[in-house]
There are 2 protein chains.
Amino acid sequence: MPRWPADSRERLATAALDLFSEHGYGAVTIDQIADRAGVTARTFFRQFQDKEEVLFADDDLLLPILLETIAEPRGPIEAGTLMEQALVALADRMQPAHEALRQRQAVIDTDVALSGRELAKQARWEGAIATALAERGFRADDASLLAAIGFALFRRELHAWLADASPDAAPLADRIRAALPSLRTILDATTAS
Amino acid sequence: MPRWPADSRERLATAALDLFSEHGYGAVTIDQIADRAGVTARTFFRQFQDKEEVLFADDDLLLPILLETIAEPRGPIEAGTLMEQALVALADRMQPAHEALRQRQAVIDTDVALSGRELAKQARWEGAIATALAERGFRADDASLLAAIGFALFRRELHAWLADASPDAAPLADRIRAALPSLRTILDATTAS
DNA sequence: GAGGTGATGTCATCATCTGTCATAGACTCA
DNA sequence: TGAGTCTATGACAGATGATGACATCACCTC
């Protein structure tokens with residue numbers, strides 16, 4: 001029998017998300033999170049770099065999926081297709097966690113610093129994608145712009161997916177597949193009064 | 001004669017940027033900033049909401065320029081042209097502050113939280129642009145994607161402009177004008193091995 | 001010149017985050 | 001089986017970030 005329960009990190013993450021949802025991010029102290037998880041504040045800071053990090057710590061597990069999907073296909077491939085495969089793979093991995101992601105996003109949306117950290121994470125991913133595209137032979141400028149455009153579209157669909165709490169909400173991957181074609185024509189065809 | 005010099009806010013902002021550049025953002029305390037500005041830490045927090053804010057406080061003066069440029073032109077106008085006019089107007093306003101912006105960006109690039117706050121600000125601007133485009137009659141989905149793409153390009157050119165310290169560096173507006181046409185074709189024409 | 005105003009200082013306090021050392025169950029190896 | 005090591009955690013002290021309450025005093029208005 002271990003001296004302490006072995007999952008302090010998970011308990012801290014769960015306690016934090018619940019408390020943030022109940023009382024708001026700013027109103028929750030580290031001591032309260034630690035209390036609910038049955039540890040001390042010092043243990044919180046051993047598991048997570050800072051208070052924000054408890055909401056972002058596990059995100060980087062998803063990045064390798066993106067990069068592998070881009071690097072994997074053999075032979076020539078069109079950029080849009082490659083981007084679609086990568087974003088759909090990411091979407092499939094996020095799909096089962098819909099409810100937890102919705103709760104997390106609701107917390108993030110209430111705080112500028114948290115929104116910034118989320119955007120910084122996405123920017124880091126975007127850069128990694130651009131690098132992966134460049135390594136496949138795309139021009140560096142084209143790769144970075146493609147990654148930026150793809151992620152802009154992903155953010156839009158992710159936001160809509162997270163906002164939709166209904167049980168028969170369209171899967172994120174379907175939303176992304178549906179949205180991609182509009183990219184091809186919007187720039188040339190869009191005019192307004 | 002006033003009891004204190006009248007420009008404590010400007011002195012604090014200048015002292016903060018200088019100290020951040022000299023010693024790094026994290027190594028500088030509010031007390032040090034306040035000391036150099038000749039006030040107390042309490043006055044710093046009366047002028048700026050928090051330590052980060054001293055780097056971002058005046059940015060929102062630029063947003064109205066963007067929105068006016070989008071709302072102003074009369075008659076039908078193509079989306080890409082409208083986006084170009086808005087981004088070029090913003091670029092022209094930023095041009096004289098090249099050196100200060102370079103110094104500021106160098107500080108921001110050293111800290112994840114600061115980078116996030118910068119991205120959050122740009123996201124707020126992006127949303128405002130999308131709204132302005134929608135009010136001109138563009139479909140809401142198209143407007144948000146157009147804004148996202150325009151800003152992705154703006155970020156890329158801004159980054160290159162800020163990285164270029166040479167005295168005859170190309171103006172930001174020229175860089176943006178030069179980069180825009182590539183947007184039109186990249187999605188359809190880009191293929192790699 | 002009496003009183004109000006506003007920017008600032010002073011003091012107290014809470015929250016975030018870090019460094020350091022102690023503790024005790026788990027593990028290893030002879 | 002017992003000594004030594006490892007490791008997650010607790011306990012405590014302290015620096016920094018941030019806020020609230022109240023005092024101060026030059027300036028302004030009447």
Side-chain angles (χ1 to χ4, degrees), chain A residues 1-58 107-108 110-118 120, chain B residues 1-58 107-108 110-118 120:
Chain A
M1 191 189 317
R3 186 171 170 200
W4 296 279
D7 56 346
S8 68
R9 184 182 176 88
E10 286 72 22
R11 281 182 286 124
L12 281 164
T14 303
L17 189 53
D18 288 346
L19 285 168
F20 292 161
S21 297
E22 289 169 23
H23 306 112
Y25 177 79
V28 175
T29 68
I30 307 291
D31 281 336
Q32 291 172 327
I33 299 171
D35 278 351
R36 182 172 292 201
V39 296
T40 63
R42 193 66 187 83
T43 294
F44 179 94
F45 286 110
R46 287 203 182 88
Q47 294 292 342
F48 303 100
Q49 195 179 347
D50 55 37
K51 185 178 171 183
E52 295 177 2
E53 187 67 11
V54 71
L55 286 167
F56 296 94
D58 294 335
V107 173
I108 289 175
T110 65
D111 187 285
V112 182
L114 294 176
S115 304
R117 190 123 161 193
E118 172 75 8
Chain B
M1 191 191 316
R3 186 171 170 200
W4 295 280
D7 55 347
S8 68
R9 184 183 177 87
E10 285 74 20
R11 279 182 288 122
L12 281 166
T14 304
L17 189 53
D18 288 347
L19 285 169
F20 293 160
S21 297
E22 289 169 23
H23 306 113
Y25 177 79
V28 175
T29 68
I30 307 291
D31 281 335
Q32 291 171 327
I33 299 171
D35 278 351
R36 183 173 291 202
V39 297
T40 64
R42 194 66 186 83
T43 294
F44 179 94
F45 285 110
R46 288 204 182 88
Q47 295 291 343
F48 303 100
Q49 195 180 347
D50 55 37
K51 185 178 170 184
E52 295 178 1
E53 187 67 11
V54 70
L55 285 167
F56 297 93
D58 293 337
V107 173
I108 289 175
T110 65
D111 187 285
V112 182
L114 295 176
S115 304
R117 189 122 161 193
E118 172 75 6

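Since the model is a prediction, treat every value here as computed from it, not as a measurement.
- Distance CZ (A:F20) to C1' (C:dA15): 13 Å, rounded to an integer number of Å.
- When each of B:R9, B:R46, B:R117 is tested with B:E53 by the rule salt bridge (charged side-chain N to carboxylate O under 4.0 Å, His left out), just one qualifies, namely B:R117.
- With hydrogens and angles ignored, the 3.5 Å screen pairs a side-chain donor or acceptor of A:T110 with a backbone N or O of A:V107.
- Residues from residues 32-47 of chain A that place a heavy atom under 4.0 Å from any atom of DNA chain C, listed by number: A:R42, A:F45, A:R46.
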>> Let's go through A:F45 and A:I30 carefully: what are the C-alpha distance in whole Å and the side-chain angles of both, what is the deciding distance for side chain to side chain contact (heavy atoms under 4.5 Å, CB included) to 0.1 Å, and is it a yes or a no?
In response: CA-CA 9 Å; A:F45 286 110; A:I30 307 291; 3.8 Å; yes
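- Rounded to whole angstrom, the span from the CD atom of A:E52 across to the C1' atom of C:dC17 amounts to 13 Å.
- Between B:L12 atom CG and C:dT8 atom C1' there is a gap of 12 Å when expressed in whole angstrom units.
- Atoms CD (A:E53) and C1' (C:dC17) sit 14 Å apart, rounded to a whole Å.
- Without hydrogens or angle criteria, B:D7 side chain to B:E10 main chain gives no donor-acceptor distance under 3.5 Å.
- Look at CG on B:D31: it is 12 Å from P on D:dA15, rounded to the nearest Å.
- With A:H23 as reference, A:V28 is the one residue of A:T29, A:D18, A:V28 to meet the side chain to side chain contact (heavy atoms under 4.5 Å, CB included) rule.
- Atom OH in A:Y25 sits roughly 12 Å away from atom P in D:dA18 (whole-Å rounding).
- For the pair B:A113 and B:E52, the tightest heavy-atom approach, listed with the atom from each and the gap, is CB-OE2, 3.6 Å.
- The separation between B:I30 atom CD1 and C:dT10 atom C1' is 18 Å, rounded to whole Å.
- Between the CG atom of B:D111 and the C1' atom of C:dC17 there is a distance of 14 Å, given to the nearest Å.
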